[in-house]
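Please read the structure below before turning to the comments.
Numbers here simply count residues along the sequence, with the first being 1.
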Amino acid sequence: MKNIPVKKNLPRYILLWGVLAAIILFVTGLVKLVIPAAGNPDPESFCPMGGLQALATYFVRGSLPCSMSSLQIMMGAALAAGVILFSKLFCGYICPIGAVENLLTRLRNALKVKALRINNGSIADKALRIFKYALVFVIFYMTCTASELFCKNLDPYYAAATGFKGEITLWMSIVTLALVILGGFLVDNFWCRYFCPLGAISNTLKFWICVIALPVIVWLVSLTGATIPWWVILAAFCLMGYCLEIFHSKPKFQLVHVYRDEVACNHCHVCNLACPYAIEIDSFGKGKVTSVDCTLCGECVAACRQNALRISACRSCKSPVWKWVPAIIAVVLLTLGIIAGNKFELPTINETWGLEQFDGNLETMTMKGLTTVKCYGSSMAFKARLEKIAGVHGVKTFVREHRVVIKYDPAVISATDIERLMFVPSHFRVNSPSPAEVPYVKVQTIRVEKMYDKMSLNYLGLQMRLTGKKVYGVDSQYDCPVRVRVYMDPSEELDKAWYKEVVNKKTLDMPIHGGGVKQTPIDLEFVKIEEGLDTLSISDYLHYMFDGFNASFNGRYTDPDGSSVVRKRAQQYEGKTQYIYEIADQNYEKPIIRKSLPFLSNWLSSEEGVISFSLCLNKDLVPALQVRYAAPVTADRIWEMMSSETWTITYKEGDVREEPARMKFEAPGVSFKAE
């Protein structure tokens with residue numbers, strides 16, 4: 001492929017490189033320098049490959065994988081429509097990997113490195129083309145089986161976009177990136193031609209009449225009472241696509257083609273050299289290029305010195321405006337996909353149970369604002385909770401809207417009872433009062449509607465924090481409407497107007513570190529303030545709001561009869577002098593530190609004499625790590641373990657690893673006799 005001057009194929013390069021630049025700006029965060037309110041990028045947001053996997057999983061399992069939504073599905077549908085009606089416009093004008101492959105070719109030509117040319121139809125070409133169809137089968141089989149997007153394990157775009165921090169399999173991502181970069185540098189469009197699963201699907205969809213035959217065959221077989229396993233249909237799709245690609249590589253049923261003027265053509269072969277897919281343009285005798293690989297990218301048209309090539313809907317259409325048509329169609333399809341994807345949503349799960357002997361009428365209820373229902377896994381966890389409630393027989397979840405629709409038997413349970421049983425009381429600390437300055441807190445109760453989710457309380461607390469008022473915490477208790485208690489400074493006075501303004505805000509606008517604001521939709525409704533005020537001592541309040549951590553350890557001991565038994569160390573050391581080793585720090589309640597506590601506990605448990613480990617409030621009401629121990633272990637040994645550069649972690653029997661310490665301690669703690 002030769003370098004084509006940008007101005008000769010401007011429509012393609014404006015769109016192709018523009019999309020790549022936009023992705024780079026969002027992924028690197030540079031866009032926030034221009035648009036501070038821009039949120040964190042989601043590499044999956046507009047992925048048609050993810051959408052096609054989601055649609056396949058929906059047909060196979062009746063659910064959507066992970067966090068896929070209708071937006072990704074419509075991106076997949078837009079890609080399919082573009083391929084069937086026009087050509088592989090996504091590949092030619094939008095795909096970021098295609099843009100990278102194009103830039104690699106230009107780099108190779110600039111360095112005057114000779115390309116390795118693999119001729120279409122050669123043995124090597126036919127052998128290599130099977131890989132992308134094999135990938136299609138593996139990716140769709142694994143995704144439909146596990147309801148998780150398997151392509152993320154190996155997608156070079158996803159690996160690069162997440163900085164190798166996403167849900168990847170490292171060796172797979174490295175291999176695919178090497179195929180893109182090294183392969184693309186040596187062979188034009190190496191990844192796109194031989195390994196891209198989306199390219200394989202697109203090539204197969206070009207033979208859409210044959211594809212339609214598959215569901216017809218499945219339907220005819222079903223009339224006999226037999227069923228065809230879904231993976232057999234998938235295998236048939238892949239095998240059919242591969243065979244059509246290598247044995248009949250000229251699909252003809254599309255609306256736009258590259259046309260060749262046989263009179264003007266002087267067979268200089270420049271167009272062949274310019275084609276990213278090594279298509280022999282001048283071999284199409286009737287003047288219409290019908291190669292399965294053609295993306296209508298326009299490289300051959302831009303390279304032709306005789307003006308013998310053009311993109312058009314028919315042989316007689318010769319307007320130069322047509323060269324803009326593929327790019328315009330690609331943008332229109334992308335836009336329609338986004339609009340359609342935001343207009344409706346398929347349920348992530350649509351499950352029913354316990355209906356085998358049921359012959360009554362079910363009713364439905366809708367719950368909104370369940371922000372913890374955000375993916376396939378959380379949807380299944382929500383379903384598991386519902387299955388424990390007698391009279392509930394089904395649920396649909398819509399993760400984009402955080403909405404669920406529950407089916408229940410009204411003869412057994414009411415919608416109000418379901419809300420009550422699903423409600424999880426919770427508390428959230430807004431600010432930290434100083435025990436030395438605040439002897440007690442004032443408690444005011446308000447009523448709030450639409451608070452089904454414990455995260456709703458967290459968001460309400462964060463809204464209150466942003467106002468700067470001396471609010472210390474909130475908690476929730478089930479009632480109709482939900483009862484929310486607000487804990488505040490004794491000097492603070494909050495009225496109905498303030499509560500109504502804070503509770504009814506539709507978005508939580510949280511500043512982001514480094515600039516910008518993250519907006520989270522909220523749908524709560526203030527009802528009223530209850531009469532009367534309560535008070536609570538600062539000690540009781542801090543203990544109530546404190547989320548501790550406790551771990552008691554076992555040990556293997558020898559009984560007097562010589563038998564070996566596993567016994568709690570608290571029992572083993574009962575009656576012996578015990579001590580507490582304490583390190584206090586106000587920061588121990590931070591989530592990032594709390595995540596390390598199970599590992600520290602695991603490490604300390606390996607030492608005989610260490611009885612238990614906890615995070616609690618000490619006598620000064622300060623968060624403290626406390627290690628209960630007895631001889632033979634000493635305070636010095638405990639400090640040695642806690643300050644060690646490495647910890648030995650036992651994950652399971654036979655799986656013991658030495659890992660870098662997850663916490664650092666500035667100074668030794670204090671030791672005192674346990675009461």
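Under 4.0 Å is where a charged nitrogen must lie from a carboxylate oxygen, and between D417 and R420 at least one such pair does.
Atom OH of Y141 is separated from atom SG of C238 by 13.5 Å, given to the nearest 0.5 angstrom. One distance of note links CD1 of I406 with OG1 of T366; it measures 8.5 Å at 0.5 Å rounding. From R400, atom CZ reaches atom OG of S70 across 5.5 Å, with rounding to the nearest 0.5 Å. Within the model, atoms CE of M545 and CG of L617 stand 12.5 Å from one another, a figure rounded to the nearest 0.5 Å. Atoms CD1 and CG, from I201 and L135 in turn, are 10.5 Å apart once rounded to the nearest 0.5 Å. Considering CG of L71 and NZ of K343, their distance stands at 13.5 Å, rounded to 0.5 Å.
R447 contributes no side-chain N or O that, together with a main-chain N or O of V482, makes up a donor-acceptor pair within less than 3.5 Å. Looking only at distances, a side-chain donor or acceptor of S202 sits under 3.5 Å from a matching main-chain atom of L198. Between the side chain of D655 and the backbone N or O of K652 there is no donor-acceptor pair closer than 3.5 Å. A donor-acceptor pair is defined here as one N or O able to donate and one able to accept, closer than 3.5 Å; no such pair exists between the side chain of R485 and the backbone of I446. Listed for the N342 side chain is a donor-acceptor partner under 3.5 Å among the backbone atoms of I338. Checked by atom type and distance alone, the side chain of R429 never pairs as donor or acceptor with a backbone atom of G473 at under 3.5 Å. Listed for the D479 side chain is no donor-acceptor partner under 3.5 Å among the backbone atoms of P481. The closest donor-acceptor contact from the side chain of H543 to the backbone of D540 lies at 3.5 Å or more, if one exists at all. A donor-acceptor contact shorter than 3.5 Å is absent between the side chain of Q477 and the backbone of S426. A distance-only check finds a donor-acceptor pair linking the side chain of Y541 to the backbone of Y472 [under 3.5 Å].
The two residues L52 and F140 make their nearest non-hydrogen contact at O-CE2, 3.5 Å. Nearest heavy-atom pair, L333 versus G82, reported as atom, atom and distance to 0.1 Å: CD1-CA, 3.5 Å. Considering all non-hydrogen atoms of both residues, V484 and M451 come closest at CG2-SD, 3.8 Å. Nearest approach of C151 to I139, heavy atoms of both residues: CB-CG2, 3.9 Å. Smallest separation of non-hydrogen atoms from K450 and L524: O-CD2, 3.5 Å. Closest heavy-atom contact between S147 and S63: OG-OG, 3.8 Å.
Residues Y499 and Q444 have side chains that bring a donor and an acceptor to within less than 3.5 angstrom of each other. Inspection of the R556 and S564 side chains reveals an N or O donor paired with an N or O acceptor under 3.5 Å. For the 3.5 Å distance criterion, the side chains of Q53 and T143 qualify, holding a donor opposite an acceptor.
A heavy-atom distance below 4.5 Å is found between the side chains of I593 and M663. Looking at F398 and T348, their side chains never come closer than 4.5 Å, going by heavy atoms from C-beta outward. Here the side chains of L64 and L346 are in contact, with some heavy-atom distance below 4.5 Å. Counting heavy atoms from C-beta on, the side chains of F613 and L625 come closer than 4.5 Å. Contact check for I349 versus M380: side-chain heavy atoms found under the 4.5 Å cut-off. Between R61 and Y376, some side-chain heavy-atom pair lies under the 4.5 Å cut-off. Counting heavy atoms from C-beta on, the side chains of T204 and Y133 come closer than 4.5 Å. For the pair V443/M488, no side-chain contact is recorded, criterion being any heavy-atom separation below 4.5 Å from C-beta on.
With sequence neighbours excluded, the residues satisfying side chain to side chain contact (heavy atoms under 4.5 Å, CB included) with F59 are L55.
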Walk me through whether N431 and M464 qualify under side-chain contact (heavy atoms from CB on, under 4.5 Å). CA-CA 10 Å; N431 292 296; M464 293 180 175; over 6 Å; no
Given L597 and L615, is the side-chain contact (heavy atoms from CB on, under 4.5 Å) satisfied, shown in steps? CA-CA 8 Å; L597 297 185; L615 170 65; 3.7 Å; yes
side-chain contact (heavy atoms from CB on, under 4.5 Å) assessment of T372 paired with F382: CA-CA 9 Å; T372 52; F382 186 83; 6.0 Å; no
Using side-chain contact (heavy atoms from CB on, under 4.5 Å), reason through T650 and W603 one step at a time and then give a plain yes or no. CA-CA 8 Å; T650 302; W603 166 224; over 6 Å; no
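Surrounding CG of D547 are more than 12 heavy atoms belonging to other residues, nucleotides or ligands, all under 6.0 Å away. The 12-atom threshold is not exceeded at CZ of F131, counting heavy atoms of other residues, nucleotides or ligands nearer than 6.0 Å. The neighbour count for F137 CZ, taken as heavy atoms of other residues, nucleotides or ligands under 6.0 Å away, is above 12.
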Which donor-acceptor pairs under 3.5 Å do side chains of residues 501-508 form with protein atoms, sequence neighbours excluded?
| unit_1 | atom_1 | unit_2 | atom_2 | d |
| --- | --- | --- | --- | --- |
| N504 | OD1 | F526 | N | 2.8 |
| K506 | NZ | D523 | OD1 | 3.2 |
| T507 | OG1 | D509 | OD1 | 3.2 |

Run the side-chain donor-acceptor check on residues 385-395: report pairs under 3.5 Å with partners two or more places apart or on a different chain.
| unit_1 | atom_1 | unit_2 | atom_2 | d |
| --- | --- | --- | --- | --- |
| R385 | NH2 | M422 | O | 2.4 |
| H393 | ND1 | W353 | O | 3.1 |
| H393 | ND1 | G354 | O | 3.4 |

Side chains of residues 209-235: which donor-acceptor pairs under 3.5 Å do they make with residues two or more places apart or in other chains?
| unit_1 | atom_1 | unit_2 | atom_2 | d |
| --- | --- | --- | --- | --- |
| S222 | OG | W219 | O | 2.5 |
| T224 | OG1 | V221 | O | 2.5 |
| T224 | OG1 | A226 | N | 3.4 |

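Applying the ring-ring contact (aromatic ring centres under 6.0 Å, His included) test to pairs two or more places apart or on separate chains, those with a residue in residues 408-431 are F423-Y478, H427-Y544. Applying the salt bridge (Lys or Arg N to Asp or Glu O under 4.0 Å) test to pairs two or more places apart or on separate chains, those with a residue in residues 351-371 are E351-K383.
Stacking of R594 on the aromatic ring of Y588 is not recorded, the 6.0 Å distance cut-off and the 45° axial limit not both being met.
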